[in-house]
Amino acid sequence: MNDPFLESVAAALAGQAAAALGSAGSAALTKVRELLRGKSEEDPDTAAALEAAEDRPADHPKVAALARRLDRLESDDGEFSEKLRSEGAPIHQELTASGNHAVNNQFSGTANNVVQGRQFGRIEFNS
C-alpha cells in the first residue's frame with residue numbers, strides 16, 4: 001500500500017507531523033480524530049494501531065501500519081472512506097505542500113489581483 005493521502009493522515013495522527021499543520025490542517029485533524037474515535041470504540045485493532053503509532057515520526061513502521069489500517073477501514077466501509085477523504089483533505093494538502101513535494105496553491109475569496117508562487121526571479125518565498 002502506498003497511498004500518499006493515507007500516509008499523510010497517519011503521520012498527522014501519530015503526532016510529530018501534526019506540528020507542521022496550519023489552522024485548517026489542525027481543525028481537520030481534530031475531525032479525523034473524532035471520526036476514528038468512533039471506529040476505535042467498535043474495533044480494537046484500530047485503537048491499537050492508533051496507540052502504537054502515537055508520538056512516532058512519519059517514517060516509522062508503526063505509522064505505516066496505521067496507514068494500512070486506515071486503508072482496510074476504507075475498503076470495509078465506503079461511508080467511512082468518504083468522510084475520511086473529505087475531512088482529511090486539508091491534512092494531506094498541508095503536509096504535502098510543507099515538504100519538498102508538489103505545491104497545492106488554493107485561493108478562495110474576492111480580490112483584484114492574486115499572485116501565487118514560490119519563486120519570482122530572485123525573490124523567493126518559503127524556501
Side-chain angles (χ1 to χ4, degrees):
M1 193 228 42
N2 188 18
D3 184 335
F5 174 84
L6 294 177
E7 290 172 356
S8 294
V9 171
L13 286 166
Q16 291 189 7
L21 295 175
S23 61
S26 294
L29 182 57
T30 298
K31 291 178 183 178
V32 168
R33 283 186 199 275
E34 289 173 12
L35 181 63
L36 282 174
R37 200 170 287 129
K39 279 292 186 186
S40 294
E41 290 173 2
E42 60 190 58
D43 179 20
D45 291 337
T46 299
L50 280 165
E51 186 177 328
E54 193 171 316
D55 293 326
R56 307 279 186 177
D59 60 350
H60 194 279
K62 298 287 184 182
V63 177
L66 177 57
R68 287 191 302 276
R69 185 71 201 146
L70 294 174
D71 185 50
R72 180 167 198 125
L73 291 172
E74 279 195 323
S75 296
D76 293 346
D77 185 345
E79 184 179 334
F80 172 82
S81 177
E82 190 175 302
K83 286 180 183 176
L84 180 64
R85 296 279 168 168
S86 174
E87 300 293 350
I91 296 168
H92 177 65
Q93 290 169 351
E94 287 189 28
L95 290 181
T96 301
S98 68
N100 288 327
H101 306 288
V103 174
N104 182 351
N105 289 325
Q106 295 183 1
F107 174 78
S108 176
T110 304
N112 291 330
N113 297 305
V114 176
V115 177
Q116 294 183 330
R118 172 172 259 189
Q119 184 175 12
F120 302 91
R122 290 194 280 176
I123 301 171
E124 292 186 31
F125 300 94
N126 297 325
S127 57

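In this text the structure is predicted, and so the values were computed from the model without any measurement.
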Would you give me the side-chain donor-acceptor pairs under 3.5 Å for residues 19-35, sequence neighbours excluded?
unit_1	atom_1	unit_2	atom_2	d
S26	OG	G22	O	3.0
T30	OG1	S26	O	3.2

| query | Do S75 and R72 have side chains that get closer than 4.5 Å, going by heavy atoms? | reply | no
Ring pair (Phe, Tyr, Trp, His ring centres under 6.0 Å) filter on F5, not counting sequence neighbours, yields H92
Tightest non-hydrogen contact, residues V63 and A14, listed as CG2-CB, 3.6 Å
Value for CG (L50) from CG (L36), rounded to nearest 0.5 Å, stands at 5.5 Å
* To do: Could you tell me whether a side-chain N or O of S86 sits under 3.5 Å from a main-chain N or O of E82, the two making a donor and an acceptor?
  => no
Checklist entry - Do L13 and I91 come close enough that some side-chain heavy atom pair is under 4.5 Å? => result no
Taken in chain and number order and not counting sequence neighbours, the residues that satisfy salt bridge (charged side-chain N to carboxylate O under 4.0 Å, His left out) with E79 are K83
Strictly below 4.0 Å, N to O, side chains only: are D43 and R69 in salt-bridge contact? yes
Heavy-atom nearest pair, S8 first then L95, reads O-CD1, 3.4 Å
**Asked** Can you tell if the side chain of R85 reaches within under 4.5 Å of the side chain of L6, non-hydrogen atoms only?
**Response** yes
Residues 54-66 vs salt bridge (charged side-chain N to carboxylate O under 4.0 Å, His left out), sequence neighbours excluded, gives none
Sorted by chain and number, sequence neighbours left out, side-chain hydrogen bond (donor to acceptor under 3.5 Å, both in side chains) with E87 holds for none
E42 meets the salt bridge (charged side-chain N to carboxylate O under 4.0 Å, His left out) criterion, sequence neighbours left out, with K39
Between the CD atom in E41 and the OG1 atom in T46, the distance rounded to the nearest 0.5 Å is 11.5 Å
Strictly distance-based, threshold 3.5 Å: is any side-chain N or O of S81 a donor or acceptor partner for the main-chain N or O of D77? no
